[in-house]
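Notes follow once the structure below has been shown.
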There are 2 protein chains.
Amino acid sequence: MKNITIGEVAEQAKVSKSTVSQYLNKRYEYMSEATRKRIEAAIEELNYHPNIVARSLKQKSTFTVGVIVANILHSFSTQILRTIENDLNKTGFHVIICNADDQPEKERNYIEMLLAKQVDGLIIFPTGGNIDLYEQMKKKNFPVVFMDRKIEELGIDTVMLDNHQAARMAISEFVESDYTKISIITTSIIRNTSPRVERIEGYKAAMTEHGLPVLPEYIKTADAEDLQGVLQELFALEAPPEAILAGNDIVLIEVLKFAKEHRLAIPGDVAVIGIDEVSFASFYTPPITVVAQPTIKMANKATELLLEQINSENKTARTAIYRLQPSLIKRDSC
Amino acid sequence: MKNITIGEVAEQAKVSKSTVSQYLNKRYEYMSEATRKRIEAAIEELNYHPNIVARSLKQKSTFTVGVIVANILHSFSTQILRTIENDLNKTGFHVIICNADDQPEKERNYIEMLLAKQVDGLIIFPTGGNIDLYEQMKKKNFPVVFMDRKIEELGIDTVMLDNHQAARMAISEFVESDYTKISIITTSIIRNTSPRVERIEGYKAAMTEHGLPVLPEYIKTADAEDLQGVLQELFALEAPPEAILAGNDIVLIEVLKFAKEHRLAIPGDVAVIGIDEVSFASFYTPPITVVAQPTIKMANKATELLLEQINSENKTARTAIYRLQPSLIKRDSC
DNA sequence: CTGTTAGCGCGTTCAT
DNA sequence: ATGAACGCGCTAACAG
């Protein structure tokens with residue numbers, strides 16, 4: 001019923017605890033063949049498994065990292081999560097997944113709990129609402145990497161999309177197809193998260209470059225539940241947009257719903273490009289053109305950076321923001 | 001740089017460690033207002049946070065549970081995961097997520113590691129390949145609940161869909177629309193997982209009830225990458241099916257791809273019903289009829305059962321299989 | 001009300 | 001080659 005300990009193994013094998021410990025840590029150099037066999041047998045017989053918690057207490061390493069996503073509803077998050085989990089497990093780490101739900105208070109809680117649990121590192125999609133905590137970890141040299149969003153002036157490794165480029169690619173694509181009335185819609189969160197801001201900036205820059213006017217009424221931001229209303233407004237305009245850039249998968253879905261309900265032909269009545277690849281893009285009618293994030297590469301990079309931090313003693317770790325390039329997947333919605 | 005301990009707080013506050021411990025555990029009944037304040041101040045000043053690992057070592061509880069999904073690629077898994085995480089976090093538990101990738105060896109590894117890490121309980125989508133481990137946990141009275149798949153004769157709490165009913169609902173729907181040549185396609189895994197088997201059984205039973213022949217060539221099972229081939233075969237038949245029941249979201253996607261590529265009109269050339277709700281079902285062209293699993297309820301039930309087990313000392317826990325009912329979401333693909 | 005003491009399970013010198 | 005003893009950070013009697 002109860003868990004057996006190293007002591008009981010030692011007893012069973014007629015040796016001392018430390019000898020068993022040696023064995024467990026594969027330091028059998030100074031150990032007779034005979035005792036080794038005995039220990040092996042004892043472990044087998046008792047079905048002994050070392051208590052990692054106790055080991056962690058001593059060794060200061062739990063082989064566990066925490067991942068805090070801003071919002072688990074985005075397909076982007078789950079894709080990233082999937083490959084982080086995969087990468088990290090290969091290295092023998094477990095990952096505790098937490099969903100901050102875009103709420104800084106939740107994020108704060110998670111960070112504190114995870115630190116108290118002595119995780120070896122953290123990958124965070126920061127809400128931006130806990131600068132003090134971020135700074136504290138940075139100062140303590142605790143392994144952290146940010147994903148998707150950057151927090152300026154903090155010097156924390158960050159991997160994110162080249163959002164400017166993502167917006168540009170989409171706009172160029174629209175322009176090539178001779179659309180000029182182009183709208184961008186993003187989901188809003190209270191804080192000005194960098195992806196949202198940057199995508200809008202990129203949109204503006206690209207529009208200007210193409211000699212197109214930047215009209216505020218074409219730039220929309222709303223919570224998921226208000227998206228239909230926003231779309232109503234957009235199409236009630238005197239000059240409704242001919243093309244919509246959906247800032248993420250959730251927006252894209254709402255746009256497609258709207259188009260369906262209002263019998264707007266894509267791309268006839270309105271062209272659409274989404275940021276973030278979605279499961280149905282390739283076989284939708286029409287197939288949806290999309291600017292895809294290199295989620296696998298991003299996740300790989302993040303775990304790589306984190307492991308580097310975890311395994312390096314030197315505090316002179318140079319930090320950087322890694323911007324990965326999006327790719328346009330041309331299909332027929334534009 | 002280093003973490004501060006309860007000892008340093010005690011020192012700072014001029015009391016003993018145990019008094020600080022009392023304070024931390026909110027047992028300030030027998031503590032002078034003054035010392036309480038001092039401790040509070042010391043904690044604040046030192047920015048002290050208790051080391052949960054050390055606490056766990058003593059208390060035998062890590063407030064962490066592990067969830068091992070069979071295959072994280074299924075939307076069903078991620079939906080379940082999402083609400084388990086949510087439910088459990090409300091109760092102060094963290095969740096370590098592992099993806100067994102349908103490989104029993106991986107599952108075995110995860111179970112052993114998680115147990116060694118002293119998690120308080122496990123929710124498993126069992127591969128079925130580690131009966132000995134399951135039995136062992138059961139015997140030790142270790143909190144476990146199975147999700148989605150049952151392992152017979154083990155007496156472990158299990159929450160799963162009424163798969164028979166799911167298949168029946170779909171078949172009835174097809175029959176009501178006068179389809180008679182009905183095929184079912186599922187993804188295969190080496191082991192005979194119960195959902196797959198039960199859905200096929202349900203299909204057969206329903207077909208028979210409706211006086212329809214059960215044709216082996218209409219019952220297909222394949223890995224995701226072979227699904228297109230299977231569909232080829234199906235439509236190369238002398239009497240190709242008029243309707244397809246897709247056993248899960250992955251199959252559904254492949255069916256829709258196939259239909260698109262081969263210009264098969266839905267439901268004109270082939271009617272389709274999927275098991276598992278998908279993000280695009282409601283606004284696809286045509287909107288896809290689907291048998292949805294009550295994922296939220298299932299996850300709620302699982303965490304409820306797990307917490308019950310964790311919080312109960314009595315080993316007379318009666319166990320059961322909880323079958324939740326699917327619901328048909330009628331749309332236009334059939 | 002507060003301090004002393006003794007573990008929790010394991011790893012690590014330091015002797016032997 | 002092996003064992004005794006101590007410490008990791010915290011909790012829990014038990015004194016006082």
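Every chain is numbered from 1, with letters handed out A, B, ... down the list of sequences.
- Distance CD (B/Gln22) to P (D/dC14): 14 Å, rounded to an integer number of Å.
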Residues B/Lys138, B/Glu135; criterion salt bridge (charged side-chain N to carboxylate O under 4.0 Å, His left out); working and verdict: CA-CA 5 Å; B/Lys138 173 68 184 170; B/Glu135 277 176 342; over 6 Å; no
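- The phosphate of C/dG9 has neither OP1 nor OP2 within less than 4.0 Å of any side-chain N or O from A/Thr5.
- Between the side chains of A/Tyr322 and A/Asp157, not a single donor N or O lies within less than 3.5 Å of an accepting N or O.
- Atom CD of B/Glu11 has 12 or fewer heavy atoms from other residues, nucleotides or ligands within 6.0 Å.
- Between the side chain of B/Lys58 and the base of C/dG7, a donor-acceptor pair under 3.5 Å is found.
- One atom, CZ of A/Arg38, and another, P of D/dG3, lie 8 Å apart when rounded to the nearest Å.
- Base engagement by A/Ser21 is indicated by at least one non-hydrogen atom pair under 4.0 Å involving a base atom.
- The distance between atom OH of B/Tyr23 and atom P of D/dT11, rounded to the nearest whole Å, is 13 Å.
- Look at CG on A/Asn25: it is 9 Å from C1' on C/dC10, rounded to the nearest Å.
- Within the nucleic acid shown, A/Ser56 has no heavy atom closer than 4.0 Å to any nucleic acid atom.
- Phosphate proximity of C/dC1 to B/Thr35: absent, as no side-chain N or O sits under 4.0 Å from OP1 or OP2.
- Rounded to whole angstrom, the span from the CD atom of B/Glu11 across to the P atom of D/dG9 amounts to 13 Å.
- Across C/dC10, C/dG9, D/dG9, the shortest atom-to-atom separation from the side chain of A/Arg55 is found for C/dC10.
- Put simply, CZ on A/Arg36 is 14 Å from C1' on D/dA1, counting in whole angstrom units.
- B/Asn300 and B/Glu304 share no donor-acceptor pair across their side chains, judged by distance under 3.5 Å alone.
- Between B/Thr19 and C/dC1, a side-chain N or O to OP1/OP2 separation shorter than 4.0 Å is absent.
- With hydrogens and angles left out, the side chain of A/Ser18 and the base of C/dT13 share no donor-acceptor pair within 3.5 Å.
- Atom CZ of A/Phe142 has more than 12 heavy atoms from other residues, nucleotides or ligands within 6.0 Å.
- Between A/Ile6 atom CD1 and C/dC10 atom P the separation is 5 Å, expressed in whole Å.
- Atom NZ of A/Lys17 is separated from atom C1' of C/dG7 by 11 Å (rounded to the nearest Å).
- OP1 or OP2 of D/dG3 lies within a sub-4.0 Å distance of a side-chain N or O belonging to A/Ser16.
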